[in-house]
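Sequence lines set the chain letters: A, B, ... in the order given, protein chains first and strands last, and positions in each chain run from 1.
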2 protein chains.
Amino acid sequence: MPNAVSRSAATKPARKRRERGSISTDLIIAGAFEVARASSLDELSMTVLADHLDVAVTSIYWHFRKKDELLRAMTEVAIRKQHDSIPPPRDDEGWQDMLRRQMTAIRALHREDEVLSDLVLRTPAYSREATQRAMEDLEVTVAKLAGAGFPARTALVAVNAIMMYTRGIITYERTLRRSDAVILGGRQRQMIDWSGLPLLDSLIDRQPLAGTSDQDFEFGISRLIAGFEALLREA
Amino acid sequence: MPNAVSRSAATKPARKRRERGSISTDLIIAGAFEVARASSLDELSMTVLADHLDVAVTSIYWHFRKKDELLRAMTEVAIRKQHDSIPPPRDDEGWQDMLRRQMTAIRALHREDEVLSDLVLRTPAYSREATQRAMEDLEVTVAKLAGAGFPARTALVAVNAIMMYTRGIITYERTLRRSDAVILGGRQRQMIDWSGLPLLDSLIDRQPLAGTSDQDFEFGISRLIAGFEALLREA
DNA sequence: ACCTGAACACCGTTCAAGT
DNA sequence: ACCTGAACACCGTTCAAGT
């Protein structure tokens, strides 16, 4: 915290003027990630960011005309990081393992980087480059399924489906974590009258209610893959 | 717009004092939904809501101590509406059709009511009643699968998985619609160099890029159900 | 018990002005 | 070309005061 001086006092920092090239768009983006990671993306404000960078708020507006423009730039960075973290297909594995590894990697990344997750899930890709990269990845993945006998169209829709499932898990887990800070652990269990719920009563015990585990995630992935395999056998 | 008078002029409305019981929490919630539906949940502010209700902003704070409290109340309403819109299982249908109908109904609801969607997806259930209702629904659904031969634990995880898939589709479609207002139709196609992408080039034509169709949604549902059936056969 | 205006801290953004 | 402070409209919230 570079300027944790006086908040309430009327004395203003009276900052020294910075040199001309002393802040760049890259520095601002990096600073924005630092602020967001230290608190959250929601709490990232232009004012706080400016303080963090020890710059006048308005200086940021020379590099980014709107806050939204800064967020877009951050999203590009996040999308690239996600792209780089997805393992490429290997020749020595089947399409099933490829899908499993890719989806697991995406989920892991979103779990360990909430800011990235919030950025990426908020919007589709902005730039041409990001879209191009995404399409190239998709082409390779779809080709792998097509090579295994799936019609091209089916391969595309299948990849799409397993990504939607992963997305659902990711957003749900994100929602849980967001509110867990408030709700505090699984004391929900006591709120419920279990008398009419014999099945659930026997299943949901100590573990946090409706939480998502690695096994639960794996289950859905396996079932989708099994469903794809069934389609392959029919042809 | 009850008070679309002067914004810039220094003359303030000078409102007449309202009677004591003239606004209730229910009226405020209803008004909040009206404002949100007319614009969006993001644009719902206490000030705008107060204007809409022709009430002083601070009056709302007597009924709801925080904006978050109002949002919670709205979420409860939304969750109840979602609950009521999900068709109950029928005796003359199998578990497959039940799941299909339920997931389709949820997706349809979220498509036609964006405000509900934003509220419900933002947070898990708050109140005891909502949680209780959700658990009762879940019990019935899980019981149907269990009756078909699934172990109880598997039935629960399966229902969870298909809900996660549906959630992924819903959030993705929501994201698309949010940005479609900006991006404007599928002119993305021209941005991309298709030379290295023979498969995708042949598949993605006129239709909006990466859009989600009813058939795509159906595909994932079918594959999951097929995956569940495979599990049943193994036992 | 319920409604109200004044007031505050914060936030995104514009603009005219510095160097 | 790049950095800055003053200023504005808006937003959530508190508080003391009305009836």
**Student:** Any sub-3.5 Å donor-acceptor pair from S59(B)'s side-chain atoms to V55(B)'s backbone N or O?
**Tutor:** no

**Student:** Name the pairs: protein N/O against N/O of nucleotides 16-19 of chain C, kept only if under 3.5 Å.
**Tutor:**
unit_1, atom_1, unit_2, atom_2, d
dG18(C), N2, R17(A), NH2, 2.2
dG18(C), N3, R17(A), NH2, 2.9

**Student:** The side chain of R18(A) lies closest to which of these nucleotides: dT4(D), dT13(C), dC11(D)?
**Tutor:** dT4(D)

**Student:** Using atom types as modelled and distance alone, determine if a side-chain donor or acceptor of Y165(B) lies under 3.5 Å from a backbone N or O of F217(B).
**Tutor:** yes

**Student:** Please tabulate, for the side chains in residues 60-68 of chain B, all donor-acceptor contacts under 3.5 angstrom to protein atoms that are two or more places apart in sequence or on a different chain.
**Tutor:**
unit_1, atom_1, unit_2, atom_2, d
K67(B), NZ, L44(B), O, 2.8
D68(B), OD2, R72(B), NE, 3.1

**Student:** Output yes when D193(B) and R128(A) qualify as a salt bridge under the 4.0 Å nitrogen-oxygen rule, no when they do not.
**Tutor:** no

**Student:** Under the salt bridge (Lys or Arg N to Asp or Glu O under 4.0 Å) criterion, do R178(A) and D42(A) qualify, and how do the steps go?
**Tutor:** CA-CA 12 Å; R178(A) 205 194 295 277; D42(A) 286 338; 3.8 Å; yes

**Student:** Under 4.0 Å between any heavy atoms, over every strand shown, what does T58(B) touch: base, sugar-phosphate, or nothing? Just pick one.
**Tutor:** base

**Student:** Set out, in order, the CA-CA distance, both residues' side-chain angles and the distance that settles side-chain contact (heavy atoms from CB on, under 4.5 Å) for K81(B) and L109(B), then state yes or no.
**Tutor:** CA-CA 9 Å; K81(B) 184 178 172 188; L109(B) 178 66; 4.1 Å; yes

**Student:** Which sits closer to the 5' end of DNA chain D, Y61(B) or I23(A), going by the nucleotide each is nearest to?
**Tutor:** I23(A)

**Student:** Just compare dT13(C), dC3(C), dA1(D) and give me whichever is closest to any side-chain atom of V57(A).
**Tutor:** dT13(C)

**Student:** Output the rounded distance in Å from CD1 (I60(A)) to C1' (dT14(C)).
**Tutor:** 15 Å

**Student:** Starting at atom NZ of K67(A), determine the distance to atom P of dG12(C), rounded to an integer number of angstrom.
**Tutor:** 4 Å

**Student:** Taking CZ from F64(B) and C1' from dC3(C), how many angstroms apart are they, rounded to a whole number?
**Tutor:** 16 Å

**Student:** To the nearest angstrom, how far is L70(A) atom CG from dT13(C) atom C1'?
**Tutor:** 14 Å

**Student:** Can a donor-acceptor pair be found, under 3.5 Å and without considering hydrogens, that links the side chain of S85(A) to the backbone of Q82(A)?
**Tutor:** yes

**Student:** Can you measure H63(A) atom NE2 to dT4(D) atom C1' for me and round it to whole angstrom units?
**Tutor:** 12 Å

**Student:** Return the value, rounded to whole Å, for the distance between atom CG of L49(B) and atom C1' of dC3(C).
**Tutor:** 15 Å

**Student:** Would you say that T123(A) contacts L71(A) through its side chain, given a criterion of any heavy-atom pair below 4.5 Å between the two side chains?
**Tutor:** no

**Student:** Determine the contact category for S59(B): base if any of its heavy atoms lies under 4.0 Å from a base atom, sugar-phosphate if only primed atoms, P, OP1 or OP2 are that close, otherwise nothing.
**Tutor:** base

**Student:** Using OP1 and OP2 only, check whether a side-chain N or O of K66(A) sits under 4.0 Å from dT14(C).
**Tutor:** yes

**Student:** Taking salt bridge (Lys or Arg N to Asp or Glu O under 4.0 Å) as the cut-off, I'd like each qualifying pair that reaches into residues 24-34 of chain A, sequence neighbours left out, listed once.
**Tutor:** none

**Student:** Under a 3.5 Å cut-off on both pairing distances, which runs of 3 or more consecutive Watson-Crick or G-U pairs involve DNA chain C?
**Tutor:** C:4-8 with D:12-16, C:12-16 with D:4-8

**Student:** Atom NZ of K16(A) to atom C1' of dC2(D): distance rounded to whole Å?
**Tutor:** 20 Å

**Student:** Find the distance between CD (E139(A)) and CG (D137(A)) and round it off to the nearest 0.5 Å.
**Tutor:** 10.5 Å

**Student:** Check whether any side-chain N or O of T47(A) sits under 4.0 Å from OP1 or OP2 of dC10(C), and answer yes or no.
**Tutor:** no

**Student:** Tell me which residues in residues 33-40 of chain B lie within less than 4.0 Å of DNA chain C, going by non-hydrogen atoms.
**Tutor:** none

**Student:** May I have all residue pairs that pass side chain to side chain donor-acceptor pair (under 3.5 Å) and include part of residues 98-109 of chain B, sequence neighbours excluded?
**Tutor:** E93(B)-R101(B), R100(B)-E218(B), R100(B)-S222(B), R107(B)-E173(B), R107(B)-D214(B)

**Student:** Counting side-chain heavy atoms from CB outward, which of dA1(D), dG5(D), dC2(C) is closest to W62(A)?
**Tutor:** dA1(D)

**Student:** Pick from R177(A), R174(A), R37(A): which one makes a salt bridge (Lys or Arg N to Asp or Glu O under 4.0 Å) with D118(A)?
**Tutor:** R174(A)

**Student:** Can you measure E43(B) atom CD to dG12(C) atom P for me and round it to whole angstrom units?
**Tutor:** 16 Å

